[in-house]
Amino acid sequence: MAEKYSPAEIDARWQRRWAEARVSFVDTAVPGDEYYMLNMYPYPSGSRLHVGHGRNYILGDALYRRQRMAGRKALNPMGWDAFGLPAENAAIQSGIHPREYTLANIGRMKEQLHSLGCLYDWSKELASCDPAYYRWNQWLFLRMWERGLAYRKTAPVNWCPGCRTVLANEQVVDGRCERSGDAVEIRDLTQWFFRVTDYAERLLSGLDGLPHWSDRVKTMQRNWIGRSEGAEILFRVDGMTDPVTVFTTRPDTLFGATFLALAPEHPAVARLAERSASSAELLAFVERVRRESRLERESEGGEKEGIETGILEINPGTGEPIPVWLANFVLPEYGTGAIMGVPAHDQRDFEFARKYGLPVRPVYRTASAEIDPDAMTQALSHEGFLYRSGTWDGAPNGPEAIRVAISWLEEKGFGKGKVGYRLRDWLISRQRYWGTPIPAIHCPTCGVVPVPDSDLPVLLPEDVDFQGAEGNPLEKSAAFVETRCPRCGEAARRETDTMDTFVDSSWYYLRFLNPQDTERMVDTERVDRWLPVDQYIGGIEHAILHLLYARFVCRVLKDMGLVHLEEPFERLFNQGMITRLNPATGKVEKMSKSRGNTVSPDELIERFGADTLRLYTLFIGPPEKESEWSEEGVAGAHRFLNRVHEVCARVQELPDAGEAGPPDTDLRRLTHRTIQRVTEDAAKFHFHTAIAALMEFQRGLAEALEAGSESPQALREGVRALLQLLHPIAPHLTEEWWHRFGERVFLIETAWPVFDAALATSTDVTLVVQVNGKVRGRLSLARGATESEAVSRARADERIRTWFEGREIARTVFVPDRLLNLVVR
RNA sequence: GCCGGAGUGGCGGAAUGGGCAGACGCACGGGACUUAAAAUCCCGAGGGCCGAGAGGCCCGUGCCGGUUCGAGUCCGGCCUCCGGCACCA
């Protein structure tokens, strides 16, 4: 009897050997045999891996091992997004410096990845909090500034007066700070932005060139960019020199515009208020709307509120004056922050008009219908033909009417065709300490001045006071803030905003190729060779922001000539979350620390070994879908590995010499069929079905051993294949047995087994016989049997015959090697 | 509201260029081994009905309808759940 599989011992032995061997990518690989894969970088500011979080690292490692066995030189690096809010909050609470806290977490996560047997290329490791990395964030920022892609503008933020800090939307609960409970104010701050909207069209059209991305993610990105074609129309305001510009997707309904509505934040509001008779009321309304939480204001059922300014403007279509309103449902960020209200054909405008008694003026009608605006209970569709629209009358609804409208507007100088996007520029300013300092200096005489390249990196100061920290600790570091203007040399102040951590992750996939390079941000030659990333693995939560910003920065670098590609990630795989029963709520929820339903890998590795954990994590379900964790399932995975161990031990005891058996035994057929199944499943990342095939294979081997029906050669061939196929999933046990069988090279360095197609295909098939579409019997036939053979066999079969005896066979449907359907009357 | 995804045994799931529904595993039941238990191994099992039994028949992939010799798979309409986005002009 062989000794039991002792996971801890085996894990330890192989982790040590792999570490010593430094399995890593070879620089001299032939282009085309190279495979660059990337797991979504971890945030080390959290604490440790849990099973849900570890799923993609296990999947990534299995894919890496599979690629290596396919003969590809694979680059599989790991980086850390080491800047992040939790570290700063932890520092405030515990007094531990964010750097110390973060580095400790990186160390712990590395250990955990190591104990899972994950072979990351640590020679390419990087961390975003390292000046060797973030100096290039700053360098990139300066280049963006030069190109007009980085700029400052005011933006409203949630300000907590108690914490003296800016809050994220999710930190605001019922208008109050979730931590201190203070009422949150809306403040205008001047902040830095990246002009991602300049790239909206390219980011949108690039999606068409990504066939290996899921439609799901591409659709989400398309919707986020939100391209819409329409027109900008100028409305001349009574008594004012500057017209108000409106963006609309339906310029054809201009003659139906019976009011104009501005966002309360619209820049013209101040001047309107000066001239309005109800100035005080207007300003009070503006103040009130600005206090409304953004969520509430944007929600479906939100109350539409407005106030009349008493100012009139001219509808350029009709030439008639219509009133200007301020309305809470008009958003300053979208379009021009001003709309023309067409109540007859827009439901939202209709509700607003009914509430405030504004006229409703239809401009579309079908041939028959006579429309009574007073009887309408909701907005009309744009059905039929334009009428009451001057020279546009008779134009049918659709692109034609819009074209007519736009050319008229352009001819008269009242407006022009315009493509609008929902996408907004990327706000990168953070009023935080733990991040990349923005390399700008505020000089009283020269204004905002860029830090010269020669002064990079602008180092994040270490001696920052976190005790009783309020606001941005950077502001209190005199050594950091006080500087000289690089232009005039006079005393000046450093910018204290730091960058959004999405800046870090928007180009790290390039930096893995030269993480220690002090001369340049990216190594163009290596990028040409390795990029795009062949396989990117990450959670669906990054489907929009992170991936959009990474695609944006890649394009900017292309325009700068530093890289020659637009799309950084050729294949994208979004793995589903692991869920588990939450004892607190009694519901099955995604596994996460904040919900308190996590399972630590450390504990499971100690009990069952890394292979069991890996096997079960991959077996639990299709990786792109959510899967529910179950403790009992882990034991089942462990049992399987013990059976593999048992089979290996018994085959090892077989005599080496002996008669070679026949070349096509049942076992050999099973071996080759299994190689085929696992190869195909692994290509789809469907390790759960590959494992099912391996379980059947193990049973086949055990049965053959029991029956003594197979030659030692066939059994050895089977066990070799089993170990190789199982290796990406359970590397420790398989490597152990590979070497016990006398092999000298690492399993990962062996070639993936190749199946013999003739052996993988069975000679006999089961043909299903149906009568009128219902299964009535099965025939065992030689592969490739003809229809007439099948029919005569079916006629000869007692059982099947009872179903059509005495009736006429009207038709037969024959699918070779699968099915025969007899249609009888 | 819009967009996307999903719905299959007690449970996780398998099977879609239409062709044996429920692979594999968990839990469960029975058996072997054992003084006993654990561990391990073997067997069983979608539901209903008929039969002493071997076995047989009917129903069954969220619901209703359609196409087809044949539908978990395709089409139309609905329901539920999950994710994303949302007064988007």
Side-chain angles (χ1 to χ4, degrees), chain A residues 1 4 214-224 226-228 230-231 246-251 253 257 261 263 295-304 327-331 333-342 345-349 351-352 420-423 540-541 543-544 574 576-577 579 590 615-616 619-622 624-637 639-640 642-643 646 677 686 688-696 699 702 706 766-778 799 810-815 817-824:
Chain A
M1 196 66 183
K4 279 268 174 264
S214 67
D215 289 335
R216 185 181 180 189
V217 171
K218 285 189 281 191
T219 304
M220 283 162 84
Q221 292 228 346
R222 283 194 188 101
N223 291 343
W224 185 265
R227 183 182 201 276
S228 60
V246 158
F247 177 73
T248 174
T249 52
R250 298 303 304 230
T253 60
L295 228 65
E296 220 169 272
R297 188 166 158 195
E298 293 178 357
S299 76
E300 173 73 7
E303 182 67 20
K304 288 160 188 55
N328 66 343
F329 65 83
V330 181
L331 301 176
E333 300 91 348
Y334 189 78
T336 59
I339 65 158
M340 61 180 200
V342 185
H345 297 287
D346 182 290
Q347 185 59 28
R348 189 193 48 201
D349 295 347
E351 287 170 29
F352 191 78
Y421 297 93
R422 179 191 171 281
L423 182 69
I540 193 74
E541 70 272 20
I544 295 178
N574 298 110
M577 291 175 292
T579 60
K590 75 169 183 178
L615 179 82
Y616 181 65
F619 187 56
I620 186 169
E624 68 275 13
K625 286 179 30 182
E626 287 184 4
S627 304
E628 191 183 336
W629 185 262
S630 116
E631 287 314 313
E632 293 80 14
V634 181
R639 278 197 287 273
F640 167 65
N642 275 327
R643 288 195 293 267
E646 185 72 21
R677 283 176 67 184
H686 281 190
H688 63 306
T689 49
I691 291 166
L694 290 169
M695 286 171 164
E696 290 176 47
R699 185 176 300 166
E706 201 60 46
T766 302
L767 193 82
V768 172
V769 181
Q770 297 180 338
V771 177
N772 285 348
K774 295 205 177 232
V775 179
R776 296 304 183 191
R778 296 177 176 84
R799 279 267 179 69
R811 205 185 136 188
T812 60
V813 178
F814 181 67
V815 182
D817 299 333
R818 301 199 84 154
L819 168 137
L820 174 70
N821 187 13
L822 304 169
V823 185
V824 303

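Proteins come first, then strands; the chains are lettered A, B, ... in the order of their sequence lines, and each starts at number 1.
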Compare every heavy atom of [Y] with every heavy atom of [X], then report the nearest pair and how far apart it is.
X         : Y         : answer
Phe640(A) : Leu615(A) : CD2-CD2, 3.7 Å
Leu767(A) : Leu819(A) : CD1-N, 3.3 Å
Val246(A) : Thr336(A) : CA-OG1, 3.5 Å
Met340(A) : Thr253(A) : CE-OG1, 3.8 Å
Ala263(A) : Leu331(A) : CB-C, 4.1 Å
Ala692(A) : Phe619(A) : N-CE1, 4.2 Å

What's the gap between [N] and [M] when it is taken at their [atom1] atoms, as a whole Å value?
N       : M       : atom1 : answer
rU40(B) : rC49(B) : P     : 36 Å
rC87(B) : rU16(B) : C1'   : 41 Å
rC78(B) : rG30(B) : P     : 49 Å
rG60(B) : rG22(B) : P     : 16 Å
rA37(B) : rG55(B) : C1'   : 39 Å
rG84(B) : rU73(B) : P     : 29 Å
rC58(B) : rG1(B)  : C1'   : 45 Å
rA23(B) : rG47(B) : P     : 13 Å

query: So which one's nearest nucleotide on RNA chain B is more toward 5', Val823(A) or Ala693(A)?
result: Ala693(A)
Whole-Å distance separating the [atom1] atom of [X] from the [atom2] atom of [N]:
X         : N       : atom1 : atom2 : value
Asp349(A) : rC88(B) : CG    : C1'   : 12 Å
Arg643(A) : rC24(B) : CZ    : P     : 12 Å
Tyr421(A) : rA89(B) : OH    : C1'   : 17 Å
Leu615(A) : rC26(B) : CG    : P     : 11 Å
Glu706(A) : rC42(B) : CD    : P     : 9 Å
Asn328(A) : rC88(B) : CG    : P     : 13 Å
His345(A) : rC88(B) : NE2   : C1'   : 19 Å
Met695(A) : rC24(B) : CE    : P     : 10 Å

Across the strands shown, which category fits [X] at heavy-atom distances under 4.0 angstrom: base, sugar-phosphate, nothing?
X         : value
Arg699(A) : sugar-phosphate
Gly636(A) : sugar-phosphate
Glu696(A) : sugar-phosphate

message: For Arg776(A), give me all partners under salt bridge (charged side-chain N to carboxylate O under 4.0 Å, His left out), at least two apart in sequence or on another chain.
response: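 Checked Arg776(A) against salt bridge (charged side-chain N to carboxylate O under 4.0 Å, His left out); zero matches.
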message: My understanding is that only residues two or more places apart in sequence, or in another chain, count here; which of them pass salt bridge (charged side-chain N to carboxylate O under 4.0 Å, His left out) with Arg677(A)?
response: Glu696(A)
message: Applying side chain to side chain contact (heavy atoms under 4.5 Å, CB included) to Phe329(A) and Glu351(A), what does each step give before you reach the verdict?
response: CA-CA 12 Å; Phe329(A) 65 83; Glu351(A) 287 170 29; over 6 Å; no
Counterpart residues, side chain to side chain donor-acceptor pair (under 3.5 Å), relative to [X] (two or more places apart):
X         : answer
Gln221(A) : Arg551(A)
Arg227(A) : Glu201(A), Glu229(A)
His686(A) : Glu624(A)
Thr689(A) : Asp681(A)

Using a cut-off of under 3.5 Å, enumerate the N/O to N/O pairs linking the protein to nucleotides 65-67 of chain B.
none

N/O-N/O pairs, protein side and nucleotides 27-32 of chain B side, under 3.5 Å:
{"residue": "rA27(B)", "atom": "OP2", "partner": "Arg639(A)", "partner atom": "NH2", "Å": "3.4"}

Just the table, please: protein N/O against nucleotides 55-58 of chain B N/O, every pair under 3.5 Å.
{"residue": "rG56(B)", "atom": "OP1", "partner": "Arg799(A)", "partner atom": "NH2", "Å": "3.4"}
{"residue": "rC58(B)", "atom": "OP1", "partner": "Arg776(A)", "partner atom": "NH2", "Å": "3.3"}
{"residue": "rC58(B)", "atom": "OP2", "partner": "Arg776(A)", "partner atom": "NH1", "Å": "3.3"}

query: What's the base orientation of rG9(B): syn (chi within 90° of 0) or anti?
result: syn
field: Annotated protein contacts, base or backbone, on nucleotides 7-15 of chain B with a non-hydrogen cut-off under 4.0 Å, one of B, S, - each
entry: -----SSS-
- request: Check whether any side-chain nitrogen or oxygen of Arg811(A) sits under 4.0 Å from OP1 or OP2 of rC69(B), and answer yes or no.
  value: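 Checking rC69(B) against Arg811(A), a side-chain N or O does come within under 4.0 Å of OP1 or OP2.
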- prompt: Can Asp346(A) and Phe352(A) be said to form a side chain to side chain contact (heavy atoms under 4.5 Å, CB included), step by step?
  reply: CA-CA 10 Å; Asp346(A) 182 290; Phe352(A) 191 78; over 6 Å; no
Can you tabulate the close N/O pairs, meaning under 3.5 Å, that link protein atoms to atoms of nucleotides 19-21 of chain B?
{"residue": "rG19(B)", "atom": "N2", "partner": "Gln770(A)", "partner atom": "OE1", "Å": "3.0"}
{"residue": "rC20(B)", "atom": "O2", "partner": "Arg778(A)", "partner atom": "NE", "Å": "2.6"}
{"residue": "rC20(B)", "atom": "O2", "partner": "Arg778(A)", "partner atom": "NH2", "Å": "3.1"}

- prompt: Measuring from Leu820(A):CG to Asp817(A):CG, what's the distance to the nearest 0.5 Å?
  reply: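 If I round to the nearest 0.5 Å, the distance is 12.5 Å.
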field: Pairwise distance CG(Leu822(A)) to CG(Asn772(A)) - rounded to 0.5 angstrom
entry: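 Going from CG on Leu822(A) over to CG on Asn772(A), the span is 8.5 Å.
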query: Should stems be defined as at least three consecutive Watson-Crick or G-U pairs with both distances under 3.5 angstrom, which of them involve RNA chain B?
result: B:1-7 with B:79-85, B:10-12 with B:24-26, B:28-32 with B:40-44, B:46-50 with B:55-59, B:62-66 with B:74-78
